[in-house]
Every structure is written in structure tokens, then in C-alpha cells.
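Written out below as C-alpha cells is the structure these notes cover.
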2 protein chains.
Amino acid sequence: MAAQRGQRNGVAPGAAEVTAPIPRVTAGGPEVPAARDRARAIPEAAVARLAVYLRVLSGLQEQGAGTVSSEELAVAAGVNSAKLRKDLSYIGSYGTRGVGYEVSVLIGEIERILGLTRKHSVAVVGIGNLGHALANYGGFPGRGFPVSALFDIDADLVGIPVGGIPVDHIEDITRVCLEREVSIGVIATPPPAAQGVCDRLVAAGVQCILNFAPVVLQVPDHVEVRKVDLAVELQVLSFHVARRADGPPPVRRTVNGRVDGMVVS
Amino acid sequence: MAAQRGQRNGVAPGAAEVTAPIPRVTAGGPEVPAARDRARAIPEAAVARLAVYLRVLSGLQEQGAGTVSSEELAVAAGVNSAKLRKDLSYIGSYGTRGVGYEVSVLIGEIERILGLTRKHSVAVVGIGNLGHALANYGGFPGRGFPVSALFDIDADLVGIPVGGIPVDHIEDITRVCLEREVSIGVIATPPPAAQGVCDRLVAAGVQCILNFAPVVLQVPDHVEVRKVDLAVELQVLSFHVARRADGPPPVRRTVNGRVDGMVVS
DNA sequence: AGCTGTGAAGGACTTCACAGCC
DNA sequence: GGCTGTGAAGTCCTTCACAGCT
């Protein structure tokens with residue numbers, strides 16, 4: 001059991017070693033990064049941004065844009081253009097110097113890298129308030145992530161359709177997930193139930209989990225977990241409010257009427 | 001207008017310069033970091049983890065634990081112990097060598113640093129499926145974040161209580177937020193409405209925003225934004241599924257009924 | 001002997017800045 | 001002249017490893 005990996009910072013240390021390409025001390029020559037390794041080489045942080053670029057690009061395409069410059073795209077995505085170009089360079093060279101990027105080409109390449117050319121069935125476990133909201137998201141954000149199974153422990157909910165899908169009992173999770181080839185499990189249960197649900201999902205062959213329960217899940221190394229933690233988000237914001245309260249935003253706090261040696265008042 | 005900051009990576013570059021303590025080329029002496037600067041020095045990544053430690057510690061306290069070692073706490077929080085100790089060292093030295101940390105002390109100190117000793121009123125904008133779920137979270141994850149206002153553009157919803165709070169019309173956002181001293185705004189609207197709502201929240205003096213809409217918000221430098229982006233999370237998971245498909249995972253993909261030389265069927 | 005606290009080394013990600021192509 | 005692609009430099013974060021206290 002390894003703790004969950006790469007969330008809101010890098011990829012986990014120990015865990016990474018397992019999946020990472022073996023240091024590759026190829027006999028008879030220096031390291032020869034195979035073309036396939038390219039994907040591995042994309043920083044996790046860049047992957048998340050590629051998803052953002054993709055959304056922005058889709059918007060541009062709907063507006064009929066044919067090409068974009070790195071600067072335009074960067075502003076729309078809320079990053080600086082150097083970072084954007086670096087991110088795009090991880091997936092290849094699809095721009096034209098002096099011109100920019102062709103929107104449709106970029107969309108295609110990012111979708112390919114993110115694996116969006118294939119559909120990923122999603123199962124939502126825990127049909128409470130949040131589970132309802134998730135199930136109703138309708139095909140889930142962007143196409144490509146059809147919700148194909150819902151589970152709850154409450155027998156009264158079983159059979160009732162939510163967002164068009166009937167709820168199954170959690171006991172059937174393994175069978176149903178296998179049948180419907182679920183590749184992503186979403187945990188929206190109360191905290192105490194989360195680890196148990198996670199274990200069942202893993203047993204059912206689900207390799208990726210999106211966890212909304214405020215619990216640190218323990219999973220085997222080959223399972224990828226991402227978490228969305230409301231409490232953490234709010235507390236980080238709270239920290240910033242607090243910082244602002246003490247800290248001297250524009251100029252350093254005064255000490256005896258002085259600021260860094262400069263007389264202030 | 002600066003794009004939103006520090007999300008899933010560091011703090012933004014340009015933005016940070018504004019708040020960061022000026023490089024301090026103090027006349028006549030080396031850098032003298034004031035004690036208060038300690039908070040500034042906590043890496044964003046560490047702040048998010050502190051929130052996780054806090055939750056784990058609360059659990060331990062309920063179980064009656066008096067002290068914990070860095071190793072125990074680290075395992076429970078899903079990080080390694082060196083990182084945990086480093087994170088805790090940012091807020092001070094509250095452990096006892098040879099023994100560990102006193103649970104209650106650590107809880108108190110983390111709460112202090114995260115600014116949880118003060119309450120932060122939360123307003124939720126957009127009372128759709130997600131907004132409902134958020135409003136019903138009940139006082140919001142952990143105490144300290146009372147939901148004190150709900151807004152929607154739909155006049156039919158106005159006055160209806162959700163999770164005990166009656167919905168106000170979005171037109172009244174400025175007045176109500178000021179009256180109820182809202183410090184954190186949560187955006188759960190459809191994408192096209194998000195930027196407009198954000199602008200209104202900012203106009204109402206809200207300095208922290210948690211954004212669930214899949215849109216890159218543009219905000220002034222002094223406003224802190226964090227986003228929760230379902231589509232991005234799923235797409236990052238999708239990327240990992242795709243990676244796994246090429247690369248050699250634990251066991252190589254079958255080729256002609258064989259797996260890495262082992263007969264399969 | 002056990003465990004914390006932390007400099008220092010290492011690694012990942014970001015930004016710079018400019019060569020290279022259109 | 002304009003814009004991409006990318007080594008190199010810089011910054012931030014993580015991990016190591018051990019000194020220092022109990």
C-alpha cells in the first residue's frame with residue numbers, strides 16, 4: 001500500500017520510482033530516450049495546464065479562430081507565454097514561427113496526449129448531494145467521460161435513475177464496474193466509507209480514482225489518485241486572509257516608525 | 001487585472017512580487033528576516049499539507065491520542081516523515097526530541113497559522129446541483145467556515161432556504177456580502193456567468209474566491225483565487241491511463257496471448 | 001536509543017533570453 | 001519584424017542525513 005500520489009505538488013517520491021522508466025543504463029551507449037518516453041517526460045504540472053489550454057482552444061475554435069499566438073493563448077489561460085510555449089514543446093512542435101499555432105492542430109494534439117481520443121467510463125460512488133450533482137453534470141465535463149455507473153449503500157436508492165443512470169447497490173460494484181469497463185472511479189461518500197469503497201474499486205480493476213472525501217486514501221502503487229478537498233481549499237484561502245491581516249502588503253511593517261531604515265512618518 | 005494565481009503550482013510570478021517582502025538590501029547588514037515574516041516563508045505546497053495534517057490530528061485526538069511521532073503522522077497523512085517535519089518546522093518547533101509532538105499543541109498551532117481562530121463567512125453563488133450540495137455541506141467542511149449567503153440569478157429561487165439559508169438574488173450581492181462580512185466567495189455558476197459573478201464579488205470586497213466554474217478568472221492582484229476543476233482532474237487521470245497503455249506497467253500488455261513471455265490463456 | 005529540527009544537496013518546475021525560421 | 005522552440009539560469013520544493021536534545 002502506498003499513499004496517494006502527486007496531488008497539488010509533484011509526483012510522489014517513492015511511488016514515482018515504481019512507474020518511472022528505469023534509469024536505463026542501456027548497454028553500449030548513453031541514454032537513448034525512446035520516442036515513447038516523451039509522454040513520461042511531461043511534468044505533471046504541465047499536464048494539468050494542457051487540459052486548461054484545451055478548453056480555451058475549444059472556445060477559440062467556436063469563435064471561429066484559425067490560429068493563435070502563444071501570447072494570446074497564454075493570456076486566455078492565465079499563464080505567461082514562456083510557460084505556455086514550454087508546455088506545448090513537451091508534446092511536439094506544432095507551431096509556425098512568425099505566425100502562431102493552428103487551433104485545430106493544437107486541439108488534436110493535446111487531446112491525443114491526454115488520451116481523450118478514447119472514452120473513459122466513470123463510476124460515481126455515493127449518491128448524496130454531491131453525488132447527485134456529479135451524476136447530473138451530464139456526460140461529465142467535456143465529452144469523453146460518460147458516467148456509466150452509480151452506486152450507493154442505501155437500498156432505497158437502488159434502481160432510481162439519477163441523471164439518466166439507475167443507481168446500483170454498492171455490493172455489486174465489482175461486477176458492474178467490470179461489465180461496464182469503468183476506468184475512473186469517483187468517490188463522493190462520507191469520509192468513513194471512502195477507504196472501503198476505494199478498496200472495492202481497486203479490486204474491480206479501476207486504476208484511477210478521483211476522491212472527494214476528506215480522507216487520505218491508501219492505494220496500491222499502480223492506482224492513480226487525485227483528490228478534491230474542499231476543506232483544504234478553504235483553509236488555504238483562510239491562510240492567505242490571515243497573512244494579509246498581519247503582513248504589510250505594499251511596504252514592510254513599521255518598527256518604531258521606521259521601515260528598513262527609512263523614516264516613515 | 002492579473003490572471004489567477006498559485007493554483008496547482010507555485011504562486012504566480014509577477015503577482016508574488018507585489019506581496020513578497022522586497023528583496024531587502026538593507027543598508028548596513030545582512031538580511032534580517034523579521035519573526036513575522038515566518039508565515040510568508042511557508043511554501044504554498046506546505047500550507048495545503050498543513051490542512052491535511054490538521055484533519056489527521058483531529059482524528060487522532062478523537063481517538064484519545066496524546067502524542068504522535070513524525071513517522072506516524074506522516075503515514076496517516078500520506079507523505080514521508082522528512083517532508084512532514086520540514087513542513088512543521090515552518091511554523092515553529094513544537095515537538096519534543098525523542099518523543100514526538102503533542103497532538104493538542106500541534107492542532108492549536110496549525111489552526112493559528114491557517115487563520116482558523118477567526119471565522120470566515122462564505123457566500124455560495126449559483127444554486128444549481130453543485131451549489132445545493134455546497135450549501136448543504138453544513139457549516140462547510142470543518143467548523144470555521146459558516147455559509148452565510150447564497151445567491152442565484154433565478155428569481156424563483158430567491159427566498160427559498162437551502163441548507164437553512166434563504167437564497168438572495170444576485171443583484172443584491174454587493175449589499176448582502178458587505179452586510180454579512182463575507183470573506184470567501186464560492187462560484188458554482190455556469191461558465192459564462194463566472195467572470196461576471198467574480199467581478200461582483202470583488203466589488204463587494206471579497207478577497208478570496210474558490211472557483212468551481214471551468215473558466216480562467218481574471219482578478220486584481222490582491223484577490224486570491226483557487227479553482228476546483230473537474231474536467232482538468234479527469235483529463236489528468238485520462239493522461240495517466242493513456243501513459244499506462246503505451247508504457248510497460250507492472251506487466252506488459254498481452255501480445256498473441258502472451259504476457260512478457262508467460263502464457264496467459 | 002529515539003526522534004526532532006534543519007543545513008545542504010538534489011530535483012522539479014519556471015522564467016529568461018535568444019537562436020532559428022517564417 | 002514577428003513568433004516559436006529551447007538551452008541555460010533561476011527559483012521553489014523535496015529529500016537526505018545528521019547534529020542536537022531528551
Side-chain angles (χ1 to χ4, degrees), chain A residues 3 5-17 20 23 33 38 40-50 53 66-75 77-103 105-106 109, chain B residues 3 5-17 20-21 23 33 38 40-50 53 67-75 77-103 105-106 109:
Chain A
R5 267 162 292 165
Q7 177 61 19
R8 187 160 311 288
N9 48 51
V11 170
E17 285 159 18
R38 169 173 285 167
R40 223 305 102 176
I42 304 179
E44 182 91 1
V47 172
R49 286 190 300 266
L50 284 172
Y53 306 154
T67 61
V68 259
S69 67
S70 61
E71 184 61 31
E72 293 165 335
L73 188 50
V75 169
V79 302
N80 71 27
S81 63
K83 189 188 280 182
L84 179 131
R85 287 200 303 279
K86 178 66 86 176
D87 287 345
L88 292 182
S89 79
Y90 292 127
I91 68 174
S93 300
Y94 302 107
T96 308
R97 289 163 203 242
V99 180
Y101 302 88
E102 201 170 323
V103 173
V105 170
L106 226 40
E109 294 301 331
Chain B
R5 266 163 293 163
Q7 176 61 19
R8 187 161 309 285
N9 48 52
V11 170
E17 285 159 19
R38 171 173 284 169
R40 223 303 106 176
I42 304 180
E44 182 91 1
V47 172
R49 285 190 300 266
L50 284 172
Y53 305 154
T67 60
V68 257
S69 68
S70 62
E71 184 60 31
E72 293 166 335
L73 189 49
V75 169
V79 302
N80 72 26
S81 64
K83 189 189 281 183
L84 179 131
R85 288 200 302 280
K86 177 66 88 176
D87 287 345
L88 292 182
S89 79
Y90 292 127
I91 67 175
S93 301
Y94 302 107
T96 308
R97 289 163 203 243
V99 179
Y101 303 90
E102 203 171 321
V103 174
V105 170
L106 225 41
E109 293 302 330

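Letters go in sequence order (proteins before strands), and every chain restarts at 1. The analysis underlying the following values was restricted to heavy atoms, covering all of them including side chains, and did not include hydrogens, waters or symmetry mates.
- Donor-acceptor pairing under 3.5 Å, judged by distance alone, is absent between the side chain of Arg97(B) and the base of dT22(D).
- Per the geometry, CD1 belonging to Ile91(A) stands 14 Å off C1' belonging to dT4(D), to the nearest Å.
- In this structure, the side-chain contact (heavy atoms from CB on, under 4.5 Å) partners of Ala46(B), at least two apart in sequence or on a different chain, are Ile42(B), Pro43(B), Arg49(B), Asp87(B), Tyr90(B).
- When rounded to the nearest whole Å, the span between CG of Asn80(B) and P of dC3(C) equals 16 Å.
- Ile42(A) places its CD1 atom 17 Å from the C1' atom of dT14(C), with the value rounded to the nearest Å.
- In this structure, CG of Asp87(B) is placed 13 Å from C1' of dG5(C), rounded to the nearest angstrom.
- Across the protein-nucleic acid pair, Lys83(B) atom NZ and dT4(C) atom P stand 17 Å apart, rounded to whole Å.
- Taking atom OH of residue Tyr101(B) and atom P of nucleotide dG2(C), one finds them 18 Å apart after rounding to whole Å.
- Comparing atom distances between the Ser69(A) side chain and each of dC13(D), dC3(D), dT14(D) picks out dC3(D) as nearest.
- Checking Ala46(A) against Gly95(B), the closest nucleotide of DNA chain C that is more toward the 5' end is the one next to Gly95(B).
- At whole-Å resolution of the value, CG in Leu73(A) and P in dG5(D) are 12 Å apart.
- Residues Tyr53(B) and Val79(B) share a closest heavy-atom pair of OH-CG2, 3.8 Å.
- Between dA17(C), dT14(C), dT4(C), one nucleotide has an atom nearer to the side chain of Arg85(A) than all others, and that is dA17(C).
- What separates NZ of Lys86(A) from P of dA8(D) is a distance of 11 Å, to the nearest Å.
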* Might you work through the side chain to side chain donor-acceptor pair (under 3.5 Å) test for Ser81(A) and Glu71(A), ending with a clear yes or no? => CA-CA 5 Å; Ser81(A) 63; Glu71(A) 184 61 31; 3.2 Å; yes

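- Looking at the side chain of Ser89(A), the nearest of the listed nucleotides dC13(C), dT6(D), dT4(C) is dT6(D).
- Ranked by how close their nearest DNA chain D nucleotide is to the 5' end, Leu88(A) and Gly98(B) are led by Leu88(A).
- Contact check for Leu84(A) versus Asn80(A): no side-chain heavy atoms found under the 4.5 Å cut-off.
- Comparing atom distances between the Thr96(A) side chain and each of dC22(C), dC13(D), dT4(C) picks out dC22(C) as nearest.
- Counting heavy atoms from C-beta on, the side chains of Glu72(A) and Tyr101(A) never come closer than 4.5 Å.
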